[in-house]
Amino acid sequence: MLDELDPLSRAAPPSARKPSPRARGYPVVGLLPALARDAPSLLRQLARQYPGELIELDLGLTRAYLATHPEQVQYVLHDNWRNFGKEGGMWKPIGRLLGNGLVTAGGDEWLRNRRRMQPLFSSRQLAGLVDRMFDVVEGDLPRLEERARAGAVVDMDKEMMQLTQRVILATMFGVSITPREADSLGEVLLVAIQALNARMFLYFMPDRLLPGERALRDAIARIDEAILRLVRERRRSKEERDDLLSLLLRARDESGSGMDDRQLRDELVTMFIAGNETTAITMTWLFYLLDRNPGIERKLRAEIEEVVGDRRPTAADLSRMEYTKMVIQEAMRMYPPSWLVPRTVKEDDQICGYPVPAGATVILSQYVMHHDPAFWEAPAEFDPERFTPERSASRPRYSYMPFGGGPRQCIGNLFSIMEAQIVIAVLLRRLRMRLVPGHPVSPQAVATLRPRHGLKMTLHAV
C-alpha cells in the first residue's frame with residue numbers, strides 16, 4: 001500500500017465550466033436547520049434532485065458543495081487530492097480531540113507519519129492480534145449469556161461500544177491498562193465525542209457559546225493525562241511487547257526518527273476513535289439487519305459453523321469467512337459509520353467541470369454514494385451478495401467508500417473488518433439478538449451514523 005503514498009499526477013480539470021445548481025434554505029441560516037434535523041436524508045434527497053451534479057449548499061455564512069457522483073469523489077480524494085485538505089472548517093473541532101494524528105494532519109508531517117505507521121497495519125502484522133481480540137470478546141460472553149438467561153433488554157449500541165472499547169484498548173496497550181482504567185478512559189472519550197458532535201456543522205461559532213464546552217475541555221485533559229502516562233511508562237521501561245503502543249514506539253521514518261510523546265498520544269487517540277466507533281456502530285446496525293433478514297442470518301451462521309465450529313478462530317479462518325465479510329460490507333453500505341468526508345479547497349479548482357473557489361468546503365458523503373440507485377439496485381434492501389467479485393466489478397470505485405479513499409484512505413480498514421469478523425464469530429455461535437417489538441429505528445447523523453433512539457434488543461441463547 002505504500003505505493004499509494006507517492007505523489008499523484010495532477011489530473012487536468014475539464015475545460016467545460018458548468019454552474020452548480022444551488023440548494024437554498026432559510027435566510028441567514030440556509031440549510032443548517034434541515035441538516036441538524038436529518039442531514040443524511042437531506043443530502044440524499046438533494047442528490048436525487050440533481051443527479052450527477054456538484055450542488056452548491058446554502059449554509060449561511062459558509063460556502064459548501066455536495067458531490068453526487070463517484071467521479072467527483074475520485075477527483076477530490078485521488079486525482080487532485082493535494083488541493084483538498086483538512087484545514088479549518090468542519091475539521092477544526094475534530095482536531096481539538098485528535099490533535100495532529102493521521103486523520104487530521106496534513107502535508108509532509110502526515111506523509112512521514114503515514115509511512116511510519118503503514119507497516120503496522122499490514123495483514124501479516126494484524127494477524128498477531130487475532131488471539132488478543134478473541135480473548136477480549138470471549139471474556140465478555142459469560143456476562144452476555146447471563147443477560148440472555150435473565151431475559152433482559154439490552155442497549156445493543158452501548159454493549160457494542162463497551163465491547164469494542166475493550167478490544168481496541170487491549171490491542172493498543174495490552175496488560176499495561178487495567179479493565180477499570182480501560183472503562184474509565186472509554187467513558188471520557190465518549191464524553192469528548194458527544195461534545196464534538198454539536199460542533200460539526202457549527203464550527204464557525206465561538207467554542208464558548210456551544211454546549212458542553214467545559215465537559216469537552218475536562219475530557220481532553222483527562223485523556224491527555226491517561227494516555228501520556230501510559231506512553232511515558234512504556235518508554236521508561238523499554239519493555240518490548242506485541243501491542244500497538246510498542247509497535248508505534250519502534251516505528252521509524254526514512255531518517256530513522258521516531259515519534260515524540262505528543263505525537264504518540266495523537267495517534268493512539270485517533271486509532272481508538274476510529275477502531276472503536278467504526279466497529280461498534282457497524283456491529284450495532286448489523287445485528288439489527290440480521291434480525292430483519294432471518295435467511296441471511298441462517299446463511300451467516302452456517303458459514304461460521306463450517307469454517308470455525310467451536311474452536312478459536314485464526315487469521316486464516318477469517319480469510320475464509322467470505323460471506324461474513326460480505327455481510328459486514330453490506331451493513332457498512334447501508335449504514336456507513338463515517339457518513340461524511342469534508343474537504344477544504346486550497347486553490348481555485350474545477351471538479352469535473354464545476355468551478356470551486358479556494359476556501360470552500362466540499363462534502364463527500366458515503367451515505368449518498370452508498371444509496372445511489374444508479375449504482376445500487378434497490379439500495380434500501382439488505383443484500384450482502386452485492387459484494388461478490390462478479391457484481392462488484394461493474395461498479396465505479398468510489399460508489400463504495402466506507403473507509404474513504406485515495407492516499408488518505410483509513411489505515412485501519414483491515415483492522416476494523418478483522419475485529420468485526422471475530423465479534424460475529426464469537427457472539428453468533430452462542431447468541432441470537434432480537435429487536436424489541438415497537439422500538440423505533442432510524443439513523444442519526446452526528447460525527448458518526450448511529451441509531452437515533454439507540455437499539456434495544458433481547459438476547460437469546462443458541
Side-chain angles (χ1 to χ4, degrees), residues 20-27 29-60 62-70 72-73 89-90 157 193-194 196-203 277-278 281-282 284-286 288-289 292-293 329-343 361-383 386 398-402 404 435 438-456:
S20 292
R22 191 174 191 200
R24 300 182 181 275
Y26 297 103
V29 295
L31 294 168
L32 286 173
L35 286 169
R37 284 194 302 271
D38 189 351
S41 295
L42 174 64
L43 297 184
R44 185 174 60 177
Q45 175 187 335
L46 291 173
R48 292 189 178 184
Q49 185 177 349
Y50 303 104
E53 305 260 21
L54 186 75
I55 306 169
E56 184 177 353
L57 303 177
D58 178 7
L59 298 185
T62 62
R63 198 165 188 179
Y65 296 82
L66 172 67
T68 67
H69 194 279
Q72 297 166 3
V73 177
M90 293 180 181
D157 51 321
I193 293 167
Q194 289 164 359
L196 291 175
N197 287 338
R199 291 155 169 74
M200 285 294 291
F201 287 104
L202 298 173
Y203 57 85
E277 288 274 304
T278 298
I281 293 170
T282 297
T284 300
W285 287 116
L286 187 146
Y288 162 70
L289 290 165
R292 303 291 90 181
N293 296 270
Q329 290 172 311
E330 176 68 347
M332 297 183 85
R333 181 195 69 82
M334 293 192 70
Y335 299 105
S338 173
W339 69 280
L340 189 77
V341 179
R343 289 288 189 269
T361 296
V362 177
I363 294 175
L364 318 174
S365 171
Q366 289 96 326
Y367 192 83
V368 169
M369 290 294 110
H370 294 184
H371 290 82
D372 190 335
F375 306 107
W376 304 96
E377 182 181 353
E381 294 181 8
F382 185 56
D383 178 12
R386 298 178 196 274
Y398 287 90
S399 62
Y400 184 70
M401 51 170 197
L435 186 70
H439 182 73
V441 179
S442 63
Q444 179 183 27
V446 281
T448 49
L449 196 68
R450 300 168 175 236
R452 183 179 299 275
H453 308 285
L455 196 69
K456 292 194 177 295

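For the numbers below, each heavy atom of this structure counts, side chains included, while hydrogens, waters and symmetry mates do not.
One finds the CG atom of Leu340 at 11.5 Å from the OG1 atom of Thr448 (value rounded to the nearest 0.5 Å). Between Thr282 atom OG1 and Leu449 atom CG the span is 10.0 Å, to the nearest 0.5 Å. Atom CG of Leu66 and atom CD of Gln72 lie 8.5 Å apart (nearest 0.5 Å). Summarising the geometry, atom CZ belonging to Arg333 is positioned 8.0 Å from atom CG belonging to Asp383; distances are rounded to the nearest 0.5 Å. Annotation: the span from Tyr398 atom OH to Leu364 atom CG amounts to 10.5 Å, rounded to 0.5 Å. Atoms CG and CD1, from Leu46 and Ile363 in turn, are 10.5 Å apart once rounded to the nearest 0.5 Å.
The backbone N or O of Met334 sits less than 3.5 Å from a side-chain atom of His371, completing a donor-acceptor pair. Checking side-chain atoms of Thr361 against main-chain N and O of Ala64 turns up no donor-acceptor pair under 3.5 Å.
The nearest pair of heavy atoms linking Pro51 to Thr68 is C-OG1, 4.1 Å. The heavy-atom pair separating Gly25 from Asp58 by the smallest distance is N-OD2, 3.5 Å. Residues Leu435 and Leu455 share a closest heavy-atom pair of CD1-CD1, 3.7 Å. Shortest non-hydrogen contact noted between Pro379 and Arg48 is CG-NH2, 4.0 Å. Annotation for Ser338 and Pro402: closest pair CB-O, 4.2 Å, computed over non-hydrogen atoms.
Between Arg292 and Glu381, none of the side-chain N atoms (NZ, or NE/NH1/NH2) sits under 4.0 Å from a carboxylate O, so this pair counts as no salt bridge.
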Test side chain to side chain contact (heavy atoms under 4.5 Å, CB included) applied to Thr278 and Met332, step by step: CA-CA 9 Å; Thr278 298; Met332 297 183 85; 3.9 Å; yes
Evaluate Trp376 against Met369 for side chain to side chain contact (heavy atoms under 4.5 Å, CB included), listing each step before the verdict. CA-CA 9 Å; Trp376 304 96; Met369 290 294 110; 5.8 Å; no
Output, in order, the C-alpha distance, side-chain angles, deciding distance and verdict of side chain to side chain contact (heavy atoms under 4.5 Å, CB included) for His370 and Tyr400. CA-CA 6 Å; His370 294 184; Tyr400 184 70; 3.6 Å; yes
For the pair Met401 and Val73, evaluate side chain to side chain contact (heavy atoms under 4.5 Å, CB included) and give the outcome as yes or no after the intermediate values. CA-CA 10 Å; Met401 51 170 197; Val73 177; 3.5 Å; yes
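When the side chain to side chain donor-acceptor pair (under 3.5 Å) test is applied to Arg386, the partners found at least two apart in sequence or on another chain are Glu330.
Here side-chain hydrogen bond (donor to acceptor under 3.5 Å, both in side chains) pairs that include residues 34-44, with residues two or more places apart or in two chains, are Asp38-Ser41.
Inter-residue side-chain proximity for Leu59 and Leu35 is flagged as met; some heavy-atom pair is nearer than 4.5 Å. Using a 4.5 Å heavy-atom threshold, the side chains of Arg450 and Trp339 count as separate. Side-chain atoms of Pro337 and Gln366, non-hydrogen and from C-beta on, never get closer than 4.5 Å to each other. Counting heavy atoms from C-beta outward, Tyr288 and Pro451 have side chains that stay 4.5 Å or more apart. Looking at Pro440 and Arg452, their side chains never come closer than 4.5 Å, going by heavy atoms from C-beta outward.
When Tyr367, Phe382, Trp285 are each tested for a ring-ring contact (aromatic ring centres under 6.0 Å, His included) with Tyr335, only one passes: Trp285.
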